[in-house]
Number of protein chains: 2
Amino acid sequence: MNIGQVAERAGIPAKTIRYYEDIGLVRPQRSENGYRAFSEQDLHKLAFLARARALGFTIEDCRTLLGLYEDEARESADVKALATEHLAQIEEKIAQLREMHATLARLVEACHGDHRPDCPILQGLAEEG
Amino acid sequence: MNIGQVAERAGIPAKTIRYYEDIGLVRPQRSENGYRAFSEQDLHKLAFLARARALGFTIEDCRTLLGLYEDEARESADVKALATEHLAQIEEKIAQLREMHATLARLVEACHGDHRPDCPILQGLAEEG
DNA sequence: TATAGTCCTTCCAGTGACTGGAAGGTCAAG
DNA sequence: CTTGACCTTCCAGTCACTGGAAGGACTATA
């Protein structure tokens, strides 16, 4: 398979696949004409990466996960630890965003939003505390 | 005021303040020795920026907000529109994170996490659908 | 056979918002 | 007169791509 077809089937831009090769996440063969020649296994790996990325894992986490996936002697505890850690980070981010949202929503509600210049949002940003 | 004191009082690293000057968000005077000389107004501006950044506004949004803050003829509607747009983006991010969290939490719960290799998390990442 | 159009290649640079570090100037205290 | 804290500029790195230029390869059609 050429990169275009793999890109479509894995749902990843060709550019990103080249980048993944650059950083050693996939190592496709090469055809005689210099084109990358992807196997079904390469495609499978890329789809795995796409799903892991969609769950918010960093590239380095993805590298680790791929390693575990391909390691027959892995311990599921290692996978679970990684995923649990990531889950905690997601929770933290959600909490942060919720705080931002609460504060900003309060300011937005207080703002009449008309042609006049006085604005509780700007006041909120300008005040200390 | 020198940069160190401003950094402490505004709660922003000195490096970041220099960066903000680089991109034109603040324009402190210079002392004879070449040090940046911040006024109380500069400090106020930086504190404003810190709060806007803490609410998740982008630097460009912050630039706009500062402009509105300093424009006596602003219309609060413009501020509200910007904030409302940002609020929607926060909501979208929260929704995305919640989806990630739900999916990953389901996988983590299904994983026994012991010394054995079979792992629903990896299976989930490997499977299509 | 010429050509047009699509695919592929590499390489370089830019994104956002900093952050780290090197190399060196300035200032206050002892 | 030295030590140490503070300041300066400049360059490079982060993360995960993304855009674009310049050029080679392949396919279909006139």
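Chain letters run A, B, ... following the sequence lines, proteins first, then strands; residues in each count from 1. Just so you know, these numbers use all the heavy atoms, side chains as well, and skip hydrogens, waters and symmetry mates.
At least one side-chain heavy atom of A/I94 sits under 4.5 Å from a side-chain heavy atom of A/I90. Using a 4.5 Å cut-off on side-chain heavy atoms (C-beta onward), A/L65 and A/L49 make no contact.
For B/Q41, the side-chain hydrogen bond (donor to acceptor under 3.5 Å, both in side chains) criterion is met by no residue, not counting sequence neighbours. In terms of the side chain to side chain contact (heavy atoms under 4.5 Å, CB included) criterion, residue partners of A/A37 (sequence neighbours excluded) are, by chain and number, A/Q29, A/S31.
C/dC8 atom P lies 10 Å from atom CZ of A/R36, rounded to whole Å. Taking atom CD1 of residue B/I3 and atom C1' of nucleotide D/dT8, one finds them 10 Å apart after rounding to whole Å. Here the C1' atom of nucleotide D/dT9 and the OH atom of B/Y35 are 13 Å apart, to the nearest Å.
A donor-acceptor pair is defined here as one N or O able to donate and one able to accept, closer than 3.5 Å; no such pair exists between the side chain of B/R116 and the backbone of A/R74. Between the side chain of A/S76 and the backbone N or O of B/P117, no donor-acceptor pair lies under 3.5 Å.
Look at A/N33 and you won't find any side-chain N or O under 4.0 angstrom from OP1 or OP2 of C/dC8.
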side-chain contact (heavy atoms from CB on, under 4.5 Å) between B/L125 and A/L55, intermediate numbers included: CA-CA 9 Å; B/L125 290 169; A/L55 288 182; 3.9 Å; yes

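Taking five base pairs at each end of the helix from C/dT1-D/dA30 to C/dG30-D/dC1 and finding the rotation axis that steps the C1' atoms of four pairs onto the next four gives two axes whose angle is 20°, to the nearest 10°.
Residues in residues 67-118 of chain A take part in these ring pair (Phe, Tyr, Trp, His ring centres under 6.0 Å) pairs, two or more places apart or across chains: A/F48-A/Y69, A/F57-A/H86.
Counted within 6.0 Å of CD on A/E8, heavy atoms from surrounding residues, nucleotides or ligands total 12 or fewer; the atom is thus considered open. In the displayed structure, A/E91 atom CD is contacted under 6.0 Å by more than 12 heavy atoms of other residues, nucleotides or ligands.
For the segment residues 52-64 of chain B, the set of residues with a heavy atom within less than 4.0 Å of an atom of DNA chain C comprises B/R53, B/T58, B/I59, in numerical order. Contact check of residues 12-30 of chain A against DNA chain D (heavy atom, cut-off under 4.0 Å) returns A/P13, A/K15, A/T16, A/Y19, A/Y20.
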